[in-house]
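Sequence lines set the chain letters: A, B, ... in the order given, protein chains first and strands last, and positions in each chain run from 1.
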Protein chains: 2
Amino acid sequence: MNVEAKGQARKPRADGQRNRERLVETAKAAFADVGPDVSLDEIARRAGLGIGTLYRHFPTRDAIVEAVYRREVDELAGAATRLLASRPAGEALHHWMRLFVDYIATKKVIASALGSMVGGASELYASSGARIIQAISLLVDRAGAAGDIRPDVNPKDLLRALIGFTYGADNVGWRPSALRLIDILMDGLKPAEVRAAADQGQD
Amino acid sequence: MNVEAKGQARKPRADGQRNRERLVETAKAAFADVGPDVSLDEIARRAGLGIGTLYRHFPTRDAIVEAVYRREVDELAGAATRLLASRPAGEALHHWMRLFVDYIATKKVIASALGSMVGGASELYASSGARIIQAISLLVDRAGAAGDIRPDVNPKDLLRALIGFTYGADNVGWRPSALRLIDILMDGLKPAEVRAAADQGQD
DNA sequence: TTATATACGGAGGGTTCCTCCGTTTAACAA
DNA sequence: TTGTTAAACGGAGGAACCCTCCGTATATAA
């Protein structure tokens with residue numbers, strides 16, 4: 001019942017897995033109480049591990065951020081289908097965008113990591129960025145098909161906008177500002193008829 | 001005819017002014033051919049001056065960026081009134097937002113500097129950030145008064161959006177993406193009647 | 001010419017990033 | 001158990017950057 005195709009691969013070392021886990025948890029705590037710019041050295045130090053060990057497990061900063069926030073990203077991506085099930089596609093998209101802002105509000109690190117993933121060289125592999133793009137694409141497609149928004153909207157544009165809105169998330173008042181911008185953007189996405197109708201109650 | 005109120009202040013030293021000028025020009029060249037993240041050490045080195053000299057003239061990175069791009073920022077701010085003179089306020093706002101993107105497209109450094117100014121602690125002094133805010137506020141006020149956009153739009157929100165759109169200006173395709181987003185945002189700013197009218201030619 | 005406020009220069013300490021490689025240790029076979 | 005070996009560890013160390021501090025040099029004004 002060996003899964004290996006050829007040769008005899010060893011099973012991964014137990015200490016390796018333990019340390020990887022330890023690093024992820026330490027990083028999570030460090031992001032929370034030092035801030036999103038905490039140094040990788042600091043994370044290694046807190047974990048009681050050598051810096052070399054950290055770099056072997058996570059060759060880039062984004063890699064460890066991704067590991068830390070995998071669950072959050074999954075939730076956010078999953079919320080897309082959940083929202084679609086319970087309301088019109090246009091509203092689902094609107095809610096999801098607000099949700100995006102709320103997620104970033106608590107975990108600012110995600111924003112910059114997403115930023116470098118979305119436009120990055122390798123968009124192919126199933127990274128967190130890819131899952132988020134899938135989610136927003138689904139919402140945009142459905143909303144477009146339902147006539148809730150114009151049919152020619154580029155989902156990546158919207159994602160860029162969302163990431164952009166959360167840029168500078170330290171400045172006071174950024175959150176309400178981002179939410180207002182989402183409302184405006186959402187209005188701009190609607191075909192003129194829909195807006196006119198919404199303006200006079202529903203028909 | 002002494003301008004000084006009290007005591008006898010000396011006139012600024014000639015070498016000081018020369019070096020300041022030299023630093024600004026060197027920085028401009030360095031931003032252009034090394035990139036927006038060129039180190040301050042590198043700029044001082046290229047200028048043939050000590051790092052201490054650079055820091056005395058420009059205590060922060062933003063300070064030197066501001067000196068380098070003062071003219072560009074002035075032009076951009078000035079464009080607001082020029083545009084207002086030649087077309088309806090709503091269109092002027094729309095054009096100005098596109099112009100903003102074009103300016104950033106060539107000088108990426110401005111974006112991050114603006115970012116830290118706009119939300120920064122001291123919004124009071126007449127910095128570049130302040131002049132940009134004044135420009136966009138003027139446009140928003142006029143457009144609101146003319147009924148081209150809704151009257152309750154917060155100009156700082158728009159500026160944040162613009163800065164956000166230009167975030168990640170290295171990624172391929174960011175510029176057309178930013179322009180599309182501006183169009184959408186602009187549509188969202190319009191009162192429903194205006195959009196409906198525009199959709200069917202003009203009335 | 002002299003006095004002195006101004007400006008210069010760069011050494012140096014602190015931080016972060018990341019690589020490299022000698023040492024340790026877990027997994028597996030005999 | 002013991003030996004072999006691949007995997008993982010650790011941290012020294014070089015490079016880059018930031019910024020301060022203070023001894024030295026010089027332009028200005030008397």
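Judged by distance alone, with hydrogens and angles left aside, R13(A) brings no side-chain donor or acceptor close enough to the base of dA26(C) to form a pair under 3.5 Å.
Here dC17(C) presents its C1' atom at 17 Å from CZ of F58(A), a figure rounded to the nearest Å. Distance R56(A) CZ to dT25(C) P: 14 Å, rounded to the nearest Å. Rounding to whole angstrom units, CD1 of residue I51(A) and C1' of dC21(C) are separated by 16 Å. Atom-to-atom, CD of Q17(B) to C1' of dT28(D) comes out at 13 Å; the value is rounded to the nearest Å. Remark: P of dC18(D) and CG of L54(B) are 10 Å apart, rounded to the nearest angstrom. The CG atom of D15(A) sits 7 Å away from the C1' atom of dT25(C) (whole-angstrom rounding). We find that CZ of R20(A) is positioned 17 Å from P of dA7(D), with the value rounded to whole Å. In this structure, R18(A) atom CZ and dT24(C) atom C1' are separated by 14 Å, rounded to whole Å.
With distances taken from any side-chain atom of N19(A) to the nucleotides dT16(C), dT5(D), dC9(D), the minimum falls on dC9(D). For K11(A), the side-chain atoms get nearest to dC28(C) when compared with the rest of dG9(C), dC9(D), dC28(C). Checked against dA8(D), dC28(C), dC19(D), the side chain of R10(A) finds its nearest nucleotide in dC28(C). Side chain of T53(A), nearest nucleotide from dT20(D), dC9(D), dA27(C): dC9(D). Taking every side-chain heavy atom of Y55(A) into account, dT19(C) is the closest of dT19(C), dG9(C), dG10(D). Listed nucleotides dA27(C), dA7(C), dC18(C) differ in distance to A14(A); the shortest reach to its side chain belongs to dA27(C).
In this structure, R61(A) does not reach the dT16(C) phosphate: none of its side-chain N or O atoms is under 4.0 Å from OP1 or OP2.
Sequence order on DNA chain D of the closest nucleotides to E42(B) and G48(A) puts G48(A) first from the 5' end. The residue among G52(B) and P12(B) whose nearest nucleotide of DNA chain D is located toward the 5' end is G52(B). A residue-by-residue look at D41(A) and H57(B) shows that H57(B) has its nearest nucleotide of DNA chain C further toward the 5' end.
Contacts of G16(B) with the nucleic acid, taken as non-hydrogen atoms under 4.0 Å apart, involve only primed sugar atoms and P, OP1 or OP2.
W174(B) places no side-chain N or O within donor-acceptor distance of the main-chain N or O of A105(B), the cut-off being under 3.5 Å.
When only modelled atom types and interatomic distance are considered, S177(A) and D157(B) share a side-chain donor-acceptor pair under 3.5 Å.
Between L162(B) and T166(B), the closest side-chain pair of non-hydrogen atoms is not below 4.5 Å. Side-chain contact check for Y103(B) versus V73(B): every heavy-atom pair is 4.5 Å or farther apart.
In terms of heavy atoms, G147(B) sits closest to V194(B) at O-CG2, 3.6 Å.
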